[in-house]
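So you know, we letter chains A, B, ... as the sequences are listed, proteins then strands, and number each from 1.
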Protein chains: 2
Amino acid sequence: MKDIARHAGVSQSAVSFALNGRPGVSEETRDRVRRVAEELGWRPSTAARALSGEGAATVGFVLARPAETLGVDSFFLQLVSGIQEVLAERHLGLLFQVVEDVADECAVYRRWWAEHRVDGVLVVDPRSADPRPDLLDELGLPAVVIGGAPDERHPGLSTVWADDAGAMASVVDELHRLGHRRIVHIAGLAGLAHTERRIRTLRAEAARRGLGEVESVTTDYSDAAGAAVTRRVLEAPAPPTALVYDNDVMAVAGVAAAAELGFSVPADVSVVAWEDSALCRMVKPWLSALSRDSVEFGRTAATELMALLDGGPARTVRVPVPRLIERDSTGVARSGGA
Amino acid sequence: MKDIARHAGVSQSAVSFALNGRPGVSEETRDRVRRVAEELGWRPSTAARALSGEGAATVGFVLARPAETLGVDSFFLQLVSGIQEVLAERHLGLLFQVVEDVADECAVYRRWWAEHRVDGVLVVDPRSADPRPDLLDELGLPAVVIGGAPDERHPGLSTVWADDAGAMASVVDELHRLGHRRIVHIAGLAGLAHTERRIRTLRAEAARRGLGEVESVTTDYSDAAGAAVTRRVLEAPAPPTALVYDNDVMAVAGVAAAAELGFSVPADVSVVAWEDSALCRMVKPWLSALSRDSVEFGRTAATELMALLDGGPARTVRVPVPRLIERDSTGVARSGGA
DNA sequence: CGTCCATCCTAAAGCGCATTAGTAACTAAT
DNA sequence: ATTAGTTACTAATGCGCTTTAGGATGGACG
C-alpha cells in the first residue's frame with residue numbers, strides 16, 4: 001500500500017479510502033489508485049486486515065467424525081462444494097477441520113474464537129442435547145446450524161434445515177399406498193437431531209394410519225451396521241415388508257444382505273434409501289431414494305452465514321423437502337403385507 | 001498479552017519471550033508468565049502473529065474438480081483426515097478450497113500467496129504438463145505434491161508418492177498368473193500423472209510378458225463412464241478376460257454393466273479395482289482391489305510439509321506400494337484366455 | 001576499586017492495514 | 001470581509017504480537 005501511495009502520489013490513507021470505497025477521495029483519485037493497485041498486483045494482507053478489526057475473512061467448518069467413519073459419503077463433499085461456491089464470490093476462506101467428537105469440536109471453536117481465526121462457523125450434525133449452540137452463543141460467534149430443527153432457544157443462530165418430517169411422511173405415505181404395513185427404519189446415529197426427528201415422524205405417521213409394527217433401529221451409518229440390522233430384522237418371525245435406510249451406504253449393504261437371506265427386492269421386501277447418489281444406481285435393483293440437492297444446501301447455508309456476518313438477523317430457512325425418486329427397489333407389498 | 005504482563009508484573013516483551021521459549025527471561029519468570037497466561041485463557045492472535053512475520057499458521061489445500069464430480073469418493077476425505085491429524089498437533093489450520101480446474105487453482109495459490117494466507121500448500125492430482133510446480137516455485141510457496149512422480153526439475157518441492165508402477169506390475173503379474181492375456185485398463189483422467197504412469201506401466205509389463213492385447217481407456221472416473229467403457233469393450237469381437245478399473249466407483253458400475261451383458265464375474269471376466277473401500281464389499285461378488293492407507297498417505301504428506309516449513313530440505317517420500325487384496329472378482333481366465 | 005561480561009529485563013519500533021483527528025483549499029452564506 | 005460549511009486530502013494512532021536495541025544489576029577478574 002505504501003508503494004501504491006507513492007506511485008499514485010497520495011497518502012496511504014487516501015489509498016485505503018479509495019480501495020475500500022470509503023468517502024473522502026475524489027472519483028478521479030479513486031480511479032487512479034485502483035489502476036495503480038491493479039498494476040502492482042496488490043492484494044490486502046488478511047493478517048493486517050484482521051488485526052485492524054476487519055475480521056479474518058474466513059469461516060470455519062468442523063466435521064466431528066472418527067477417521068474411519070469418513071467412508072463413502074458424498075454428502076459432505078457436495079455440501080462443502082456448495083458452501084465454497086458462495087464463499088468464493090467474496091474471497092472468504094474456509095477453514096476446515098476433522099475431529100473425533102463434539103467435545104473436540106467445541107475445543108476447536110474456542111480456539112478459533114480466541115485466535116480470531118474465523119468470523120463465523122457452519123455447524124453440521126446437530127444433536128438432541130447439543131452443547132454447541134450454547135457455546136457459540138456464549139462466544140458470540142456467528143453460526144449457521146445445518147440440518148437442525150428451528151431452535152427458538154438460540155435466537156442468535158441461523159438454521160438451514162430440510163424437512164425430514166415431511167419427507168418421512170411422504171415415504172410412509174407411498175409405502176402404505178403400496179400395501180406395506182410392517183416397516184423397519186434403519187436409522188442413523190442415535191444422538192443426531194434429524195435421526196430423532198425421522199424416528200418420531202415415522203412413529204406418528206404409522207400411528208395415524210393404524211400401521212402396527214414400525215421400528216427404528218439406530219446405527220453408525222456404516223455398511224456393516226446396515227447389513228447386520230437387515231439380517232436381524234429379516235430373520236425375525238414376522239419380517240417387515242419395507243425397509244427405510246437413513247443413508248445410501250446402508251441401503252446398498254442391506255440389499256446385499258437381504259439377497260443372501262433369500263429375500264428378493266422388491267418382490268419380498270421394498271427398500272428406500274435416504275440420500276440419493278450414484279451408489280443407488282450402481283446396484284441391482286436400482287434403489288428408490290430420497291433425493292435432495294446437497295450442493296444447493298451448502299449454498300444456502302453459506303448465504304445465510306454471510307448475511308449474518310453482514311449484521312443481518314438470524315433466520316431459519318427451509319430447503320426443499322427431499323423428494324422420493326421411485327426406482328426399482330420399491331413395489332407392492334407381498335401377500336397384502338398383513 | 002498486555003494483561004498478562006500487568007498481572008505478572010513484567011513487560012510485554014518478557015511475556016513474549018517467556019511464552020515463545022526465547023532466551024532472555026529466568027525460568028522462574030517464565031513459569032509465572034505461563035501460569036498467568038493459562039489462567040487468563042490467553043491464545044495468540046494468529047493475525048498479529050502473521051503480521052509480525054511469523055507466518056499464517058495455515059496450510060492450503062485445493063481440490064480442482066467440477067462440483068458434480070465430487071461424488072462417491074472416499075479417498076480425499078480420508079486424505080484430508082490424515083493431513084489434519086498431523087496439522088492439529090501443531091495447531092495449524094487447513095484452508096480448503098474446491099475449484100473448477102487447474103487454472104482456477106493457480107489463481108487461488110496466487111491469491112493466498114499475495115494475501116499471506118497460507119505458509120504452504122498441498123497439491124493433489126499432479127498432471128503431465130502441470131503449471132503448478134512452476135508457479136509455486138516462482139511464488140516461493142512451500143509445497144508438497146501428493147501422488148506425483150519424483151520431479152528433479154523442481155528441487156524446492158517435496159513429493160509424496162505411491163508406486164503406481166509397482167502396483168500395476170503386481171496386478172499384471174497376478175492376472176497373467178491366472179491365465180489372462182487380454183486385459184483392458186479403464187483408466188482415470190487423461191491428464192493426470194498417475195494415470196499416465198499406470199498406462200505406461202501396463203503397456204511395458206504386457207510387452208515384457210508377450211501379452212497381446214492390452215488397452216487403456218481414459219475416463220472421468222464416473223460410474224457412467226465406467227459402465228459405458230465396460231459395455232464397449234465387452235461387446236467387441238474379442239472381449240478381454242480381465243478389467244482393471246482406476247477407481248472403485250467405476251469398478252462397481254462396470255461389474256453391473258458386465259452382468260447386464262451376460263458376463264459373469266469372475267467366471268467370464270475378472271475385475272480389479274484400484275482403490276479399496278467399503279464399496280468393494282458392498283457388491284456381489286466382492287471386488288478384488290488395490291488397497292492403500294489413504295489416511296496414512298495424508299499424514300505423510302502433512303509431515304513433509306511441516307518439515308519444509310521448518311526450513312528442512314525438500315524430500316521425495318514413497319509410501320508403501322498398494323497391495324492387491326484378492327476377493328471374489330478375480331479368477332482363472334476362461335478357456336485359457338487365449 | 002574499576003572493568004568486562006552475563007543475565008534478566010524494559011523500551012520502542014515495526015508488521016500492513018483501517019480509522020480518527022486534523023489541515024488546507026475552496027464555496028456559500030451572512 | 002468574516003464565518004461556517006464542504007470537499008479532498010494527510011498525519012498519526014492503534015490492532016497484538018515479535019524483535020532489536022538498549023539499560024540495570026551483579027559477579028568474576030585483573
Side-chain angles (χ1 to χ4, degrees), chain A residues 1-34 36-38 40-58 91-93 111-119 309-311, chain B residues 1-34 36-37 40-58 91-93 111-119 309 311:
Chain A
M1 261 183 67
K2 220 184 290 179
D3 292 346
I4 300 180
R6 198 148 33 74
H7 278 86
V10 293
S11 73
Q12 260 195 56
S13 343
V15 174
S16 178
F17 291 146
L19 294 173
N20 294 314
R22 292 272 185 294
V25 303
S26 64
E27 274 313 309
E28 190 200 327
T29 311
R30 193 183 297 273
D31 274 5
R32 187 156 36 93
V33 169
R34 280 212 185 108
V36 175
E38 179 83 18
L40 268 53
W42 177 85
R43 295 253 78 205
S45 148
T46 40
R49 265 217 149 97
L51 197 53
S52 40
E54 278 298 88
T58 307
H91 295 302
L92 292 176
R111 192 153 49 72
W112 280 353
W113 174 80
E115 295 177 353
H116 300 288
R117 253 178 181 287
V118 299
D119 301 328
L309 295 183
D310 288 343
Chain B
M1 261 182 66
K2 219 183 293 180
D3 292 347
I4 300 180
R6 197 149 34 73
H7 278 84
V10 293
S11 73
Q12 254 195 63
S13 344
V15 173
S16 179
F17 291 146
L19 295 173
N20 294 316
R22 295 270 186 295
V25 311
S26 64
E27 274 312 310
E28 189 200 329
T29 310
R30 192 184 298 273
D31 275 4
R32 187 155 37 92
V33 169
R34 281 213 185 107
V36 175
L40 269 53
W42 177 86
R43 296 253 75 207
S45 147
T46 40
R49 265 220 151 99
L51 197 53
S52 41
E54 278 298 89
T58 306
H91 296 302
L92 291 177
R111 192 153 49 72
W112 280 352
W113 173 80
E115 295 177 353
H116 299 287
R117 253 180 181 287
V118 298
D119 302 328
L309 296 183

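Listed by chain and residue number, Val10(A), Arg32(A), Val33(A), Val36(A) satisfy the side-chain contact (heavy atoms from CB on, under 4.5 Å) test with Ala8(A) (two or more places apart in sequence, or in another chain). Remark: Ser45(A) engages no residue in a side-chain hydrogen bond (donor to acceptor under 3.5 Å, both in side chains) (not counting sequence neighbours). The side-chain hydrogen bond (donor to acceptor under 3.5 Å, both in side chains) check on Thr46(B) picks up nothing, with sequence neighbours excluded. Applying the side-chain hydrogen bond (donor to acceptor under 3.5 Å, both in side chains) criterion to His7(B), with sequence neighbours excluded, gives no partner residue. For Ser26(A), the side-chain hydrogen bond (donor to acceptor under 3.5 Å, both in side chains) test picks out Thr29(A), with sequence neighbours left out.
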Show the distances under 3.5 angstrom between N or O atoms of the protein and N or O atoms of nucleotides 23-27 of chain D.
none

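Within the structure, salt bridge (Lys or Arg N to Asp or Glu O under 4.0 Å) pairs that include any residue of residues 4-20 of chain B comprise Asp3(B)-Arg6(B) (at least two apart or interchain). For residues 8-29 of chain B, the salt bridge (Lys or Arg N to Asp or Glu O under 4.0 Å) pairs, not counting sequence neighbours, are Glu27(B)-Arg30(B). Within the structure, the salt bridge (Lys or Arg N to Asp or Glu O under 4.0 Å) test picks out the following pairs touching residues 43-53 of chain A (sequence neighbours left out): Arg43(A)-Glu115(B).
When all heavy atoms of Leu19(B) and Ala37(B) are compared, the pair lying nearest together is CD2-CB, 4.0 Å.
For the atom pair NE2 of His116(B) and OG1 of Thr58(B), the computed distance is 13.5 Å after rounding to the nearest 0.5 Å. Remark: Met1(B) CE to Ser13(B) OG distance equals 7.5 Å, nearest 0.5 Å. For the atom pair CD1 of Ile4(B) and CZ of Arg34(B), the computed distance is 12.0 Å after rounding to the nearest 0.5 Å.
A straight line from CZ of Arg117(A) to C1' of dC17(D) spans 15 Å, rounded to a whole angstrom. Rounded to whole angstrom, the span from the CE atom of Met1(B) across to the C1' atom of dC17(D) amounts to 6 Å. The nearest whole Å value for the distance from the CD atom in Glu54(A) to the C1' atom in dG14(D) is 14 Å.
Not one N or O on the side chain of Ser16(B) forms a donor-acceptor pair closer than 3.5 Å with the backbone of Gln12(B).
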One character per nucleotide, please: for nucleotides 5-13 of chain D, 5' to 3', B when the base has a protein heavy atom closer than 4.0 Å, S when only the sugar-phosphate does, - otherwise. ---SBBBB-
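For dT19(D), the OP1/OP2 oxygens have a side-chain nitrogen or oxygen of Arg22(B) closer than 4.0 Å.
Each of Arg49(A) and Lys2(A) was assigned the nucleotide of DNA chain C with the nearest heavy atom; the assignment lying further toward the 5' end belongs to Lys2(A).
For DNA chain C, the outermost nucleotides in 5' to 3' order that have an atom under 4.0 Å from a heavy atom of chain A are dG16(C) to dT20(C).
Overall bending of the helix from dC1(C)-dG30(D) to dT30(C)-dA1(D), expressed as the angle between end axes built from five pairs apiece, is 60° (10° steps).
At the heavy-atom level, Ser45(B) lies under 4.0 Å from the strands shown only through sugar-phosphate atoms.
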